[in-house]
Engineer: 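Here you go, one structure.
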Amino acid sequence: MNDFKLVVRNLLGSRSRFALTLVGITLGITSLVVMMSLGAGLRAQIDKQAADLGANLIVTPKGWCAYEQVKVLSGTQLPDAIPAEDLAAIEQLEGIRVLPYLTVGSAIDNEPVPVTGIRMDETVASKRWSLAEGEVPQAEEALEVLAGAAVADSFGLAVGDALTLRGATFTVAGVLEAAGTGDDGVLFIPLAAAQKVYETDGRISFAAVQVDDLDAVDLAAQRITDAANVAVVSDRQLLASVLSVVNTVSTTLRIIAAVAVLTAAFGIVNTMLMATFERRREIGIMKSIGSSNARIFRTFMAEAATYGVVGGLIGLAVGTGVSRLLTPLIAQNEFTAFVGGARVDAVPPLADMALILGGAVVVATLAGVYPAWRAARLTPVEAISYE
Amino acid sequence: MSSAPMGAAITGGTTAAREHVMTVRDAHKTYEGRGVPVHALRGVDLDIDTGSFTCLIGPSGHGKSTLLHLLGGLDRPSSGSVTVLGEHIERMSDAQLARFRAHRIGFVFQFFNLLKGLTVAENVQLAMSFAGASAREQRSRTDELLASVGLSAKRDARANELSGGQMQRVAIARALANDPEVLLLDEPTGNLDSASESEVLGILDGLHAEGRTIVMVTHSLEIAARAERIVEVHDGRVLA
Ligand SMILES: Nc1ncnc2c1ncn2[C@@H]1O[C@H](COP(=O)(O)OP(=O)(O)OP(=O)(O)O)[C@@H](O)[C@H]1O
Ligand SMILES: [Mg+2]
């Protein structure tokens with residue numbers, strides 16, 4: 001006879017209660033896994049996106065909110081709001097390189113596709129894109145397309161294919177290698193061609209600015225706002241505002257999960273207290289034939305911990321499955337739209353899994369402390385004389 | 001009814017402690033329940049000789065079980081001293097008492113008090129595990145003990161599938177699990193038919209013959225007559 005056997009008997013002695021308590025902790029852990037993997041996936045995606053920005057400053061029209069600024073990362077259509085004079089004034093300034101963007105939209109087979117006008121060579125160089133096939137359009141007003149990997153893939157675009165944007169016929173000149181960012185989901189066309197076809201009168205949506213002297217980023221921002229009627233946000237500010245949105249979301253998710261786990265912990269406390277009460281007599285018998293308080297305590301703690309181990313393992317499995325199912329839905333939601341075609345990693349890393357399992361065991365064990373203490377504290381006589 | 005001469009215990013000093021396996025001096029036990037405290041024992045003096053067979057008798061509610069619990073280290077006296085096998089029960093910690101109960105005392109209850117979910121063998125083995133016996137020791141000794149109470153065939157039966165007499169024999173086997181010097185029984189035949197009763201009493205006679213000290217609470221004068229000594233507990237005291 002050993003403790004392990006005893007714990008199993010005790011747990012299975014009341015099967016339905018065991019199952020119910022297990023469902024509680026399993027649900028808690030499942031939601032934790034789902035929330036964490038979605039939250040972590042989002043965050044990782046944003047980090048990468050922002051790192052790939054390739055600019056120190058973003059020049060935007062005055063009055064944009066953080067949400068619109070964040071959209072800069074995705075290639076989503078934004079208003080063309082910076083007039084040619086302002087762009088020209090900024091380009092006059094020394095010590096900076098300006099990459100203007102004109103984000104417009106189009107549709108292929110009735111599906112919306114982001115289209116962005118860029119200065120081809122400069123942008124390709126600054127973003128360190130590499131080509132999967134074809135070449136970068138050369139002429140400024142060429143009706144040619146450089147397609148992101150994801151759009152090319154989903155619409156089966158290949159070099160030489162023709163497509164119509166705003167009534168003009170463009171030819172695919174090149175297809176980019178996947179970069180793992182929102183750029184993968186965008187069709188790039190030469191800026192001058194975009195301005196002409198979309199009749200923006202030389203206006204652009206925003207501009208990315210690279211500052212030569214990294215110590216003079218703030219000064220450069222100042223000079224830009226002095227020279228033109230625009231707002232400037234630094235990559236760090238942009239990153240901070242994106243992360244703060246993501247953090248708010250993932251903190252909320254974590255709180256929900258924590259509440260679920262906490263509720264489950266109270267379920268364990270409740271079950272264990274009931275068990276303590278029901279097994280009063282049994283505890284008294286065990287004590288009167290020589291069981292130490294410590295051993296009673298240990299058995300109860302082991303029972304509680306078992307809920308953590310079993311519930312944790314099932315929760316991890318179910319949670320991973322659910323995250324996988326939810327990922328495509330989440331990837332289309334309004335908030336994550338700017339993450340573009342990039343996928344959210346649904347499976348939490350092994351270290352996180354171990355951490356969650358460990359956490360489940362710790363929580364369950366902690367939940368067992370009070371009931372186990374109550375059980376251990378019973379004196380043999382009071383437990384036995386209880387009828 | 002050959003009670004030991006009281007004078008010997010009082011004047012005997014250290015030698016008395018050796019021949020008396022249990023010594024109780026002015027033991028009081030008060031239960032502080034809700035409301036009025038219950039004075040279950042009000043100054044018990046008692047000596048039990050090593051290897052003797054003693055019966056405790058007395059009216060219901062007068063403190064027999066309470067006294068037996070003190071002797072078995074299941075509880076401590078509120079005041080006074082209880083010395084069993086050289087150990088001072090009143091001074092021992094919970095952990096010390098648990099070890100004492102596991103190794104040195106066998107306790108049998110009126111209502112069997114087996115663990116119902118476990119098998120007969122597991123009930124006995126559990127008691128052994130409290131004394132730290134290895135799994136192999138547990139198995140071999142359990143078979144031996146169950147044979148000695150005539151229950152080898154019921155080894156793997158659930159405890160709650162047994163008859164009262166069988167349960168009580170398992171309880172005795174369990175009490176003997178760690179080969180204790182002292183066996184304490186609280187009305188072990190109170191719930192048994194006469195056939196089961198004589199089976200159990202036969203086993204106890206054998207254990208007494210082996211040299212174990214036995215103290216048994218009973219309501220039956222007929223049973224008490226089989227003992228070497230009868231001690232009457234009345235109103236929380238032992239009558240001389
Ligand atoms: N755990 C307890 N809490 C409070 N009072 C108790 C407790 N155990 C016993 N008592 C009281 O102490 C007194 C003595 O009880 P005890 O069980 O020792 O009597 P007994 O002589 O064994 O009686 P019986 O022959 O009915 O078994 C009784 O009044 C009883 O109600
Ligand atoms: Mg009694």
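Scope of the values below: all heavy atoms of this structure, side chains included, with no hydrogens, waters or symmetry mates.
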Engineer: Given a strict heavy-atom distance threshold of 4.5 Å, which part of B:F100 is in contact with chain A: side chain, backbone, both, or neither?
Structural biologist: neither
Engineer: With A:K287, which residues qualify under salt bridge (charged side-chain N to carboxylate O under 4.0 Å, His left out), at least two apart?
Structural biologist: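 A:K287 satisfies salt bridge (charged side-chain N to carboxylate O under 4.0 Å, His left out) with no other residue.
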Engineer: Is the charged tip of A:R279 near the ring of A:F300: under 6.0 Å from the six-membered ring centre and within 45° of its axis?
Structural biologist: yes
Engineer: Heavy-atom distances under 4.5 Å only: say whether B:I105 touches chain A with side chain, backbone, both or neither.
Structural biologist: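 For B:I105, there is no contact with chain A at all, as no heavy atom is under 4.5 Å.
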Engineer: Considering residues at least two apart in sequence or located in another chain, which fulfil the salt bridge (charged side-chain N to carboxylate O under 4.0 Å, His left out) criterion with B:E32?
Structural biologist: none
Engineer: May I ask you to decide if the ring planes of A:F18 and A:Y307 are parallel, tilted or perpendicular, using 30° and 60° as cut-offs?
Structural biologist: tilted
Engineer: Can you list the residues of residues 144-175 of chain B that sit under 4.5 Å from chain A, counting heavy atoms only?
Structural biologist: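 Near chain A, by residue number: B:R158, B:R174.
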Engineer: Tell me whether the centres of the aromatic rings in B:H69 and B:F107 are closer together than 6.0 Å.
Structural biologist: yes
Engineer: Let me know if B:L74 has heavy atoms under 4.5 Å from chain A in its side chain, its backbone, both or neither.
Structural biologist: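 Both backbone and side chain.
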Engineer: Sequence neighbours left out, what passes salt bridge (charged side-chain N to carboxylate O under 4.0 Å, His left out) with B:E181? Give chain and number order.
Structural biologist: B:R104
Engineer: Got a donor-acceptor contact below 3.5 angstrom from the B:N178 side chain to the B:A127 backbone?
Structural biologist: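 Yes; at least one donor-acceptor contact below 3.5 Å.
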